[in-house]
Student: 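Before anything else, here's the structure in question.
Note: hydrogens, waters and symmetry copies are ignored here, and every other heavy atom, side chains too, is used.
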Amino acid sequence: MRILLVLLCLLFTACSSQKVSEVNAPSYSNFTPYIVNVENTREKALGEKNKCMSGVYLDGEFNFSGIGDFERTTMTDNDVYIKRVGYNQEFPASFVIECRAKGKVPLIIFERGIANMEDMAKKCNSLAPYMLVAFNYGADIDMYNKSAEIFRRNAPYVALMWNVDYDENINMTPENKYVDWVMLNFNEGIADGVVKTEIAELRNVIKYFSGRAVAVNVSVENFSEKNYKYYTQQWNDEVKAIYSAVADYENVGLVNYVSNSDKNRIKGSSRLSESRLVWEGFQSAKAMLPDKRRWSSTDVVAYVSDNTAYVLNEDAKRLNIEEKYVSTKYAAIKNYSLDDSCRKMF
């Protein structure tokens with residue numbers, strides 16, 4: 001409000017290397033506050049795209065015969081599908097082939113105890129050189145580095161992901177040369193009919209990894225084991241809130257929904273197939289992921305009227321967005337520094 005009142009009283013002088021002109025500050029009612037965005041210059045990680053990809057883990061589903069059946073039923077089109085490979089399990093060749101046939105990116109998560117990791121890496125390289133691989137080793141960094149080194153030698157175009165729970169100790173990370181992405185597991189449950197939301201904590205972890213490509217695995221209960229009751233609306237609200245929150249961060253390049261359930265309904269459920277209302281909620285949440293990730297949000301607010309956006313000179317200099325037109329106190333920046341998806345009304 002203080003900035004707006006000052007803007008009402010100021011006469012803006014615009015100056016460039018070619019000419020100097022005066023611009024009257026518009027009236028209060030014509031100002032629209034926007035969050036200022038700067039162009040992203042972070043180097044892309046292996047496997048990262050300009051869009052924020054949507055992925056799904058279907059191993060916990062038992063209502064679908066495969067990717068095609070799932071997408072037809074839920075009327076969604078996802079970029080990535082996930083398969084876990086545990087101890088003594090074979091390489092999921094049919095899954096990788098199905099993904100390639102349908103234009104999807106396969107993501108394989110290797111669990112602990114796989115003895116033939118070199119063979120797994122060679123099969124990844126031969127079937128789908130471009131794919132994502134994660135190692136679910138928790139905080140065991142030595143084990144991660146060893147597996148990642150095997151993949152770097154045998155499957156150099158496979159993007160490697162360090163898979164960790166968002167609330168684990170994240171200060172200790174594997175060697176940079178072995179990590180293309182950080183993949184965070186984010187699971188929420190229901191207590192007394194209320195989702196135990198921890199979105200603020202997730203935001204902090206994503207900020208902590210601001211210099212890295214981040215994937216987020218989301219799972220939210222929609223059926224409670226305590227009273228055997230469905231909480232569809234609470235699930236819809238929370239999943240939309242999570243997807244909206246992570247979409248604010250330029251470094252989040254993939255959001256996976258982990259559709260999982262115990263077949264006997266003993267441990268609750270986070271499945272997408274529980275009802276039409278659930279998968280319609282998933283459609284709405286998925287639509288919040290940005291198709292373009294060119295911009296990174298800042299903490300600076302610009303006040304826009306007509307085709308001119310005003311910010312404090314000190315903020316413009318800090319973000320290196322001075323542009324050509326500057327007054328004694330305010331910079332008039334071009335509107336390409338503003339993204340409609342980040343518009344904020346105060």
Side-chain angles (χ1 to χ4, degrees), residues 44-49 53 55-61 66-67 78-102 104-187 209 212-217 219 253-256 258-260:
K44 284 185 184 177
L46 190 62
E48 192 175 8
K49 296 185 178 181
M53 296 182 287
V56 178
Y57 171 77
L58 290 178
D59 276 10
E61 287 282 0
I67 294 172
N78 299 288
D79 305 289
V80 176
Y81 281 88
I82 305 170
K83 176 68 83 175
R84 290 184 182 273
V85 176
Y87 175 71
N88 260 353
Q89 289 185 329
E90 297 290 328
F91 181 82
S94 59
F95 163 75
V96 175
I97 292 170
E98 182 184 14
C99 285
R100 292 196 64 184
K102 298 187 181 306
K104 310 299 180 182
V105 178
L107 192 171
I108 297 178
I109 301 177
F110 290 106
E111 305 290 347
R112 290 174 176 269
I114 296 177
N116 58 337
M117 191 61 77
E118 187 163 346
D119 182 56
M120 294 287 185
K122 290 178 179 178
K123 287 179 177 176
C124 284
N125 189 60
S126 63
L127 280 177
Y130 168 59
M131 64 184 300
L132 306 172
V133 163
F135 304 104
N136 189 26
Y137 299 162
D140 194 336
I141 293 174
D142 288 340
M143 181 181 289
Y144 177 94
N145 286 337
K146 289 176 182 177
S147 294
E149 195 276 330
I150 291 172
F151 265 81
R152 284 287 192 249
R153 282 190 286 107
N154 295 282
Y157 300 109
V158 168
L160 302 181
M161 301 175 128
W162 179 46
N163 188 198
V164 65
D165 291 342
Y166 81 101
D167 54 355
E168 281 192 57
N169 181 5
I170 57 175
N171 294 320
M172 298 292 291
T173 60
E175 294 182 46
N176 286 343
K177 64 181 180 179
Y178 293 141
V179 180
D180 298 308
W181 295 66
V182 174
M183 187 162 73
L184 305 171
N185 299 323
F186 184 69
N187 308 312
F209 290 112
R212 290 184 177 273
V214 170
V216 182
N217 296 334
S219 185
L254 171 62
V255 183
N256 300 309
V258 180
S259 189
N260 211 351

Student: Any side-chain heavy-atom pair from R152 and L160 closer than 4.5 angstrom?
Tutor: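 Yes; the side chains approach each other to less than 4.5 Å.
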Student: Flag yes if more than 12 heavy atoms outside Y157 fall under 6.0 Å of its OH atom; otherwise flag no.
Tutor: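 Not buried by this count: 12 neighbours or fewer within 6.0 Å.
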Student: Quick check for you: to the nearest 0.5 Å, what is the distance between D142 atom CG and E175 atom CD?
Tutor: 9.0 Å
Student: Mind checking the NZ-CG spacing from K83 to L107? Nearest 0.5 Å is all I need.
Tutor: 12.5 Å
Student: Is the backbone N or O of F135 less than 3.5 Å from a side-chain atom of N163, with the two atoms forming a donor-acceptor pair by type?
Tutor: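 A pair under 3.5 Å: no.
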Student: For a side chain to side chain contact (heavy atoms under 4.5 Å, CB included) with Y144, tell me which candidate from N136, V179, V164, T173 qualifies.
Tutor: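 That would be V179.
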Student: Quick one: does W181's side chain have a donor or acceptor within less than 3.5 Å of a partner on L46's backbone?
Tutor: yes
Student: I'd like to know if the side chain of R112 reaches the main chain of Y137, judged simply by a donor and an acceptor atom lying under 3.5 Å from each other, with no hydrogens or angles considered.
Tutor: yes
Student: Any side-chain heavy atom of Y87 sitting closer than 4.5 Å to one from E111?
Tutor: no
Student: Would you give the length of the straight line joining atom NZ of K102 to atom CG of N78, rounded to the nearest 0.5 angstrom?
Tutor: 13.0 Å
Student: Is the shortest distance from a Lys or Arg side-chain nitrogen in K123 or D119 to a carboxylate oxygen in the other one below 4.0 Å?
Tutor: yes
Student: Nearest 0.5 angstrom please: C124 SG to F110 CZ, how far?
Tutor: 4.5 Å
Student: Out of curiosity, R100 CZ to L127 CG, how far, rounded to the nearest 0.5 Å?
Tutor: 7.5 Å
Student: May I ask you to decide if I67's main-chain N or O and E98's side chain share a donor-acceptor pair within less than 3.5 Å?
Tutor: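 Present.
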Student: What heavy-atom pair brings G55 and L254 nearest, and what distance separates the two atoms?
Tutor: N-CD1, 3.9 Å
Student: Is the backbone of E118 close enough, under 3.5 Å, to the side chain of R153 for a donor and an acceptor to pair up by distance?
Tutor: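 Side chain of R153 to backbone of E118: no pair is present.
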Student: Any donor-acceptor pair under 3.5 Å linking the side chain of K122 with the backbone of N154?
Tutor: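 No, the answer is negative, given that no donor and acceptor are paired below the 3.5 Å cut-off.
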Student: I'd like to know if D79 pairs up with K49 as an ion pair, taking the criterion as any Lys NZ or Arg NE/NH1/NH2 lying under 4.0 Å from an Asp or Glu carboxylate oxygen.
Tutor: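 K49 and D79: not salt-bridged.
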Student: Nearest 0.5 Å please: distance from the CG atom of N145 over to the CH2 atom of W162.
Tutor: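 Interatomic distance, N145 CG to W162 CH2, rounded to 0.5 Å: 10.5 Å.
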Student: Looking only at non-hydrogen atoms, find the nearest pair between P92 and V85 and report the distance.
Tutor: CD-CG2, 3.6 Å
Student: State, to 0.1 Å, how close E48 and A213 come at their nearest heavy-atom pair, and which atoms those are.
Tutor: OE1-CB, 3.8 Å
